[in-house]
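Structure, as structure tokens:
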Amino acid sequence: MPEKPKYLVVDTKVLPEVYWKVVYAKRLMATGQAKTQSEAAKMAGLSRSAFYKYKEYVFQFNDRFSYRVATFYATLMDKPGALSALLGALYQQGFNVLTINQNIPVDGVAPVSISVSCQNTRVDEADVVGLLRQVDGVVDVRLVTQ
């Protein structure tokens, strides 16, 4: 018999409801709708023991495995609103900002790297570079990773 795989992708239609309830309880915790794990289990209609048994092993597929992330590296002018304008342009294209790392301005410009989730956009990240270069206060933008 071949070696058993560590992960499987399984349609929830064929799984016991307990797995979906665990995912739901974890979401309640993450969003702050439930303050404790016991409260999250109760709100999800799940026993605490079932929640504790499965919480480290059950994840929603798109949360764990299909995250598309892009990182942009930009040089911004040292003026108020430059970073905000850049973030606004990313938002308008449907990107969700995951991390921002901005350094102290030197010679009137500040380097910034921004990692974004591309899940809610149909725009190609490479095409966005030209759009971002037109934002007021942006000196240059490059797509670092995709």
Side-chain angles (χ1 to χ4, degrees), residues 1-76 78-105 110-138 140-146:
M1 184 162 184
E3 186 177 333
K4 188 160 89 174
K6 186 171 182 174
Y7 299 107
L8 299 172
V9 177
V10 181
D11 191 318
T12 56
K13 293 176 192 169
V14 301
L15 292 174
E17 193 173 341
V18 66
Y19 297 120
W20 165 243
K21 288 181 177 184
V22 169
V23 169
Y24 180 60
K26 289 171 65 172
R27 184 176 302 146
L28 291 170
M29 289 287 301
T31 60
Q33 294 175 51
K35 304 292 184 226
T36 66
Q37 293 180 353
S38 293
E39 183 181 3
K42 185 177 181 179
M43 289 171 71
L46 184 65
S47 71
R48 285 186 319 152
S49 62
F51 177 74
Y52 289 119
K53 180 177 180 180
Y54 296 117
K55 71 178 181 153
E56 299 298 323
Y57 302 103
V58 180
F59 302 93
Q60 188 168 335
F61 175 76
N62 50 349
D63 288 343
R64 191 94 194 269
F65 302 107
S66 67
Y67 230 81
R68 229 177 78 218
V69 175
T71 301
F72 296 96
Y73 178 83
T75 305
L76 304 179
D78 182 19
K79 69 178 208 172
L83 178 58
S84 179
L86 181 63
L87 294 174
L90 288 168
Y91 167 77
Q92 288 175 345
Q93 294 301 311
F95 293 102
N96 180 34
V97 175
L98 301 172
T99 64
I100 301 171
N101 185 4
Q102 183 177 14
N103 291 333
I104 295 173
V112 61
S113 63
I114 303 171
S115 294
V116 296
S117 165
C118 306
Q119 284 182 293
N120 297 324
T121 184
R122 298 215 187 284
V123 179
D124 185 64
E125 297 83 28
D127 295 338
V128 175
V129 170
L131 178 110
L132 296 177
R133 285 183 176 146
Q134 296 174 17
V135 173
D136 185 38
V138 174
D140 190 29
V141 176
R142 288 182 281 152
L143 180 61
V144 179
T145 60
Q146 191 172 13

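Residues take their numbers from the sequence shown, with the count starting at 1.
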E39 meets the side-chain hydrogen bond (donor to acceptor under 3.5 Å, both in side chains) criterion, sequence neighbours left out, with none
Atom OH of Y24 and atom CD of Q60: how far apart are they, to the nearest 0.5 Å? 12.5 Å
Indicate the atoms forming the closest heavy-atom contact of L143 with F72, along with that distance. CD1-CE2, 3.8 Å
For residues 43-54, please give each side-chain donor-acceptor pair under 3.5 Å, one per line with the distance, not counting sequence neighbours.
| from | atom 1 | to | atom 2 | distance (Å) |
| --- | --- | --- | --- | --- |
| S47 | OG | S49 | OG | 3.3 |
| S47 | OG | A50 | N | 3.1 |
| R48 | NH1 | S38 | OG | 3.4 |

So OH of Y73 and OG1 of T145: to nearest 0.5 Å the spacing works out to 14.0 Å
Donor-acceptor list for residues 8-17 side chains, cut-off 3.5 Å, not counting sequence neighbours:
| from | atom 1 | to | atom 2 | distance (Å) |
| --- | --- | --- | --- | --- |
| D11 | OD1 | K13 | N | 2.9 |

Contacts of D140 meeting side chain to side chain contact (heavy atoms under 4.5 Å, CB included) (sequence neighbours excluded), chain-then-number -> R133, R142
Inter-residue atom distance N101.CG - S113.OG, 0.5 Å rounding: 4.5 Å
Could you tell me which residues satisfy side-chain hydrogen bond (donor to acceptor under 3.5 Å, both in side chains) with D136, sequence neighbours excluded, listed by chain and number? K79
Sorted by chain and number, sequence neighbours left out, side-chain hydrogen bond (donor to acceptor under 3.5 Å, both in side chains) with K55 holds for Q37
Which pairs would a plain distance check flag for residues 82-95, meaning a side-chain donor or acceptor within less than 3.5 Å of a matching protein atom at least two apart in sequence or in another chain?
none

Please report the closest heavy-atom contact between A40 and L28, naming both atoms and the distance. O-CD1, 3.9 Å
